[in-house]
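Notes to accompany the following structure.
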There are 2 protein chains.
Amino acid sequence: MQIRSFDEGTLCAACPAFEFNVCRGVGQVAKECSLTALPQPSEHTILPRRLICRECDLLEVIPIICHGWAASTVTLSDGRRQILSFLLPGDVVSAVLIFEPVIQCSVEAITEVNYRTFKRTEVKALLFKNPDLFSKLSRVWIEEKARVDQLAVDLGRRAADERIARLILNLSDRLARRSLVRDQMMDFPLRQHHIADATGLTVVHVSKVLSEFRRAGLVEINERSLTISDLTGLRCIANMR
Amino acid sequence: MQIRSFDEGTLCAACPAFEFNVCRGVGQVAKECSLTALPQPSEHTILPRRLICRECDLLEVIPIICHGWAASTVTLSDGRRQILSFLLPGDVVSAVLIFEPVIQCSVEAITEVNYRTFKRTEVKALLFKNPDLFSKLSRVWIEEKARVDQLAVDLGRRAADERIARLILNLSDRLARRSLVRDQMMDFPLRQHHIADATGLTVVHVSKVLSEFRRAGLVEINERSLTISDLTGLRCIANMR
DNA sequence: CGTGAGCTTGACTTGTTTCAACCAACGTGG
DNA sequence: CCACGTTGGTTGAAACAAGTCAAGCTCACG
């Protein structure tokens with residue numbers, strides 16, 4: 001299964017921001033989302049572990065992921081790292097960039113990542129002319145905020161197994177909305193250290209919990225792909241306990 | 001020291017959202033922020049521990065705190081609670097409400113709270129006519145997001161004493177911007193359970209850490225007020241370790 | 001063939017929670 | 001007036017979840 005990429009039609013419906021990606025070259029979609037006014041976005045490809053941008057960078061541009069996974073991260077002076085969100089195909093790197101040129105966290109490619117960038121000034125101008133686009137982008141923005149809120153609750157008040165179970169379920173949901181899940185099986189390029197950094201745990205502990213999940217028949221992980229074998233069980237761990 | 005209220009001129013400068021509060025009745029400020037088009041906001045006062053709104057409420061209105069402290073909280077089914085932010089005089093309850101009527105967390109008064117509400121439709125309409133107001137509100141929105149991001153990092157990657165030190169310093173900064181700090185002394189209506197819920201710790205542990213801080217001569221807390229006696233020391237604990 | 005990144009496992013340590021008891025302040029109602 | 005419950009804070013002992021350290025394994029890569 002190699003569906004780390006995007007299915008344009010579906011994504012456009014599931015993920016408002018993605019309209020940016022397809023606003024050129026895909027006639028049908030372009031008409032729908034009235035973004036044809038934007039000039040051709042510039043396209044970039046970067047290797048795993050490389051940075052798309054780094055903390056405090058001045059970006060005159062809004063990057064949107066087209067292909068691959070990335071993570072937005074914050075690193076403390078002593079090396080501790082927190083991943084604030086995983087970016088999937090169709091995600092805006094950060095909706096904040098629409099109004100503010102300086103980004104507060106680094107964005108690192110997990111897989112090979114292909115992304116396109118739009119000039120902020122142009123997007124902003126278009127935004128005011130087009131209330132439909134405006135409401136779509138504000139939804140993106142609101143969802144982004146809701147996810148960090150949720151993350152804070154998870155990190156503040158949930159145990160290790162809950163956090164990991166929820167991470168898996170969240171990713172699975174987001175991938176499913178992009179039609180990137182088939183039979184509970186999905187592409188899963190995360191290393192355990194990504195999971196650790198996203199859940200505020202250590203790699204060692206993540207390994208132990210994941211082994212436990214596997215032993216309990218909840219998930220199977222191999223070859224950069226993950227299958228949820230016991231959805232109910234996983235949900236159960238994720239919600240309560 | 002009883003400065004839990006606001007100094008209108010200062011707040012208006014320090015805190016864009018506060019202009020909403022003063023847009024009526026304060027001629028000078030009203031002219032500056034061109035919000036006179038908005039009808040008189042409705043005013044409310046509620047007692048400590050009461051809710052301003054609850055999770056999933058449908059709010060056709062945007063509340064802004066004028067006086068007192070509140071907290072926006074999320075509560076899990078088993079009673080675990082996480083405070084996502086403390087709301088001080090001049091704060092919008094949640095910038096999300098400008099575009100989205102349903103609020104994702106409860107907002108609870110800590111002290112007696114006085115707040116005013118503005119109809120979302122009216123604010124929204126005004127927003128499009130007034131790019132200056134727009135950019136001010138987007139700054140509020142961005143700051144709100146930055147704070148949750150920071151919270152997530154703290155909860156994910158920092159130890160108990162760091163979290164508590166940072167909470168105190170953050171509040172002190174925000175109060176200082178509102179001229180509510182004199183000689184490192186500020187009104188501090190938080191109970192230890194608020195600190196616990198904000199830092200993802202237990203009340204017992206908060207008590208221990210705070211006692212430690214007091215013993216080390218970092219802070220003094222009494223009678224609902226807090227003094228930072230050793231700013232450098234506190235900063236040191238907050239940043240590194 | 002060596003090197004480095006990633007994963008697993010076990011033994012041990014530590015930070016935080018849990019449980020419990022106790023005290024102080026406060027308001028309420030008899 | 002006292003008795004009482006409630007809320008908030010403190011402290012200590014024991015339990016536990018997660019971290020640290022360390023060793024060993026696989027795999028990919030040059």
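Basis for what follows: all heavy atoms, side chains included, without hydrogens, waters or symmetry-related copies. These numbers were taken from a predicted model, which means no experiment stands behind them. Below, read A as the first sequence line, B as the second, and so on, with proteins coming before strands; counting in each chain starts at 1.
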**Prompt:** C:dC7 phosphate, OP1 or OP2: any side-chain N/O from A:Ser207 under 4.0 angstrom?
**Reply:** no
**Request:** Return the nearest nucleotide to the side chain of B:Arg191; candidates are D:dG8, C:dT16, D:dG19.
**Result:** D:dG8
**Prompt:** Do any side-chain nitrogens or oxygens of B:Arg224 fall under 4.0 Å of OP1 or OP2 in D:dG9?
**Reply:** yes
**B:Arg80 CZ to D:dA17 C1', straight-line distance once rounded to whole Å** = 13 Å
**Prompt:** What is the distance from NE2 of B:His205 to C1' of C:dT18, rounded to the nearest Å?
**Reply:** 13 Å
**Item:** Residue closer to the 5' end of DNA chain C, A:Val204 versus B:Val204 (nearest nucleotide)
**Value:** A:Val204
**Rounded distance in Å - CG (B:Asn222) to P (D:dG9)** = 12 Å
**Which nucleotide in D:dG12, C:dT16, D:dG19 has an atom nearest any side-chain atom of B:Ala160** = C:dT16
**Item:** Side-chain donor or acceptor of B:Glu144 paired with backbone N/O of B:Ala95 under 3.5 Å
**Value:** yes
**Prompt:** Taking CD from A:Glu212 and P from C:dT8, how many angstroms apart are they, rounded to a whole number?
**Reply:** 12 Å
**Toward the 5' end of DNA chain D, by each residue's nearest nucleotide, B:His193 or A:Thr202** = B:His193
**Message:** Can you measure B:Lys208 atom NZ to D:dG12 atom P for me and round it to whole angstrom units?
**Reply:** 9 Å
**Prompt:** Is any side-chain nitrogen or oxygen of A:Ser211 closer than 4.0 Å to OP1 or OP2 of C:dT9?
**Reply:** yes
**Asked** Which heavy atom of B:Gln82 sits nearest a heavy atom of A:Gly156, and at what distance?
**Response** OE1-CA, 3.4 Å
**Aromatic ring pairing A:Tyr115/A:His44, orientation class (parallel under 30°, perpendicular over 60°, tilted between)** = parallel
**Prompt:** Under 4.0 angstrom, heavy atoms only, what part of the nucleic acid is B:Val203 near: base, sugar-phosphate, or nothing?
**Reply:** nothing
**Message:** Counting only side-chain nitrogens and oxygens, does B:Arg163 get under 4.0 Å of the OP1 or OP2 atom of C:dG15?
**Reply:** no
**Request:** Would you please confirm or rule out a distance under 4.0 Å between OP1 or OP2 of C:dA5 and any side-chain N or O of A:Arg49?
**Result:** no
**Request:** Let me know the distance between CZ of B:Arg158 and P of C:dG15, rounded to the nearest Å.
**Result:** 17 Å
**Phosphate OP1/OP2 of D:dG19: any B:Arg157 side-chain N/O under 4.0 Å** = no
**Asked** Below 4.0 angstrom from OP1 or OP2 of D:dT10, is there any side-chain N or O of B:Gln192?
**Response** yes
**Request:** Using a heavy-atom cut-off of under 4.0 Å over every strand shown, decide if A:Leu210 touches base, sugar-phosphate, or nothing.
**Result:** nothing
**Item:** Length of the CD1-C1' vector between A:Ile110 and C:dA5, whole Å
**Value:** 16 Å
**Asked** Is there a donor-acceptor contact under 3.5 Å from the side chain of A:Ser72 to the main chain of A:Val107?
**Response** no
**Asked** Are the side chain of A:Arg80 and the backbone of B:Arg157 linked by a donor-acceptor contact shorter than 3.5 Å?
**Response** yes
**Prompt:** So A:Asp149 and A:Lys145, salt bridge (Lys or Arg N to Asp or Glu O under 4.0 Å) or not? Walk me through it.
**Reply:** CA-CA 6 Å; A:Asp149 281 1; A:Lys145 172 70 159 49; 3.2 Å; yes
**Asked** What is the distance from CD1 of A:Ile221 to P of C:dG6, rounded to the nearest Å?
**Response** 15 Å
